[in-house]
Amino acid sequence: MIGRRGFLTQAALAAAFPLFTLQTSPFREIRRGVGIFVGPGGAIGWLSVRGEALVVDSQFPATARGVLDELTRRSKIGSKIERLVLINSHHHADHTAGNGVFRPVARQIVQHERCADAHRRMVAAASPPLDTAMADTTFTDRWSTDIGDERVTAMFHGSAHTGGDAIVIFERANVIHLGDLVFNGVPPFVDRASGASIRSWIAVLETILRDHADAAFIFGHGARDAVTGARADVARFRDYLSAALEHVQRGIAAGRSEAEIVALNALPGFAEYGDVVKNYPSAFPQFSLAHVLTAAYQELTTA
Ligand SMILES: [Zn+2]
């Protein structure tokens, strides 16, 4: 799924995300009108109130259409939502390829400024062309809006899975969409070409755990579609990243080669991350412990 230019192409992603059987309804509310849609690609977060809606990420056109139709039905004002806002957590195509479906009804499409840059580069390099819609609103540190009686804030805490990951906080519901800052029980994709940093990623998760200890979290991806969770799940993923980084640091200090360091079957203590095909049959067979360790090695050995 990593194209020759290092980008995730829409065609490659569509092939990598076949529709799969869900254990529960793909469209479900968490609390206070905030919910998720689980499908191929990153989990979509949504807020639905009378006449208005806010969406976090857009997956692919077919599922974006289904989410828009369902939010329109829930808005209870007829065939069109009065005000809809779309926020992209980051630029990857499994989170933005459905943007074009929302464009005709979206009052705003919001991205962090580094996400917008990466999205533009991805679209410019894509072959075949990507049918997506770009941001019309960007932010540096934070951006907020009110939807009904809910306050929604997008925040940037630093490089992590990419160089431009935003989290989206539904403040009164106390629900936070973390985008791909957590792969729940799955080895993550570390997009160094787009500015990812495992060290910074760990620090970002520390900040989130400090500031939002009692929130309900939405994750972009999870083993067996476990894309919601709590503080313990975020901490567990932080510990996985830390263990991977420490393994590589110890290997470098001991004078071992990159090939020796990344040749590890499982991180001790993290057995549930060990078998990506078992944990996440729908996608990401190439996102393995070896990928994470290679990214950590490059990060630790590149100035
Ligand atoms: Zn991603």
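Counting starts at 1 for both ligands and their atoms, in listed order.
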Query raised in the report: Taking atom types as modelled and ignoring hydrogens, do the side chains of His119 and His90 form a donor-acceptor contact shorter than 3.5 angstrom?
Result: no
Query raised in the report: Looking at Phe189 versus His92, is the centre-to-centre ring distance below 6.0 Å?
Result: yes
Report summary line: To the Zn ion (ligand 1), the closest N, O or S atom belonging to His92 is ND1
Requested in this report: Look at the N, O or S atoms of His90, main chain and side chain alike, and state whether any lies under 2.8 Å from the Zn ion (ligand 1).
Outcome: yes
Requested in this report: Can you tell me, to 10 degrees, how wide the angle at the Zn ion (ligand 1) is between OD2 on Asp180 and NE2 on His161?
Outcome: 100°
Requested in this report: Could you walk me through whether Arg172 and Glu150 pass salt bridge (charged side-chain N to carboxylate O under 4.0 Å, His left out), step by step?
Outcome: CA-CA 6 Å; Arg172 293 188 69 180; Glu150 182 59 276; 5.7 Å; no
Query raised in the report: Taking everything shown except Arg142 itself, do over 12 heavy atoms lie less than 6.0 Å from its CZ?
Result: no
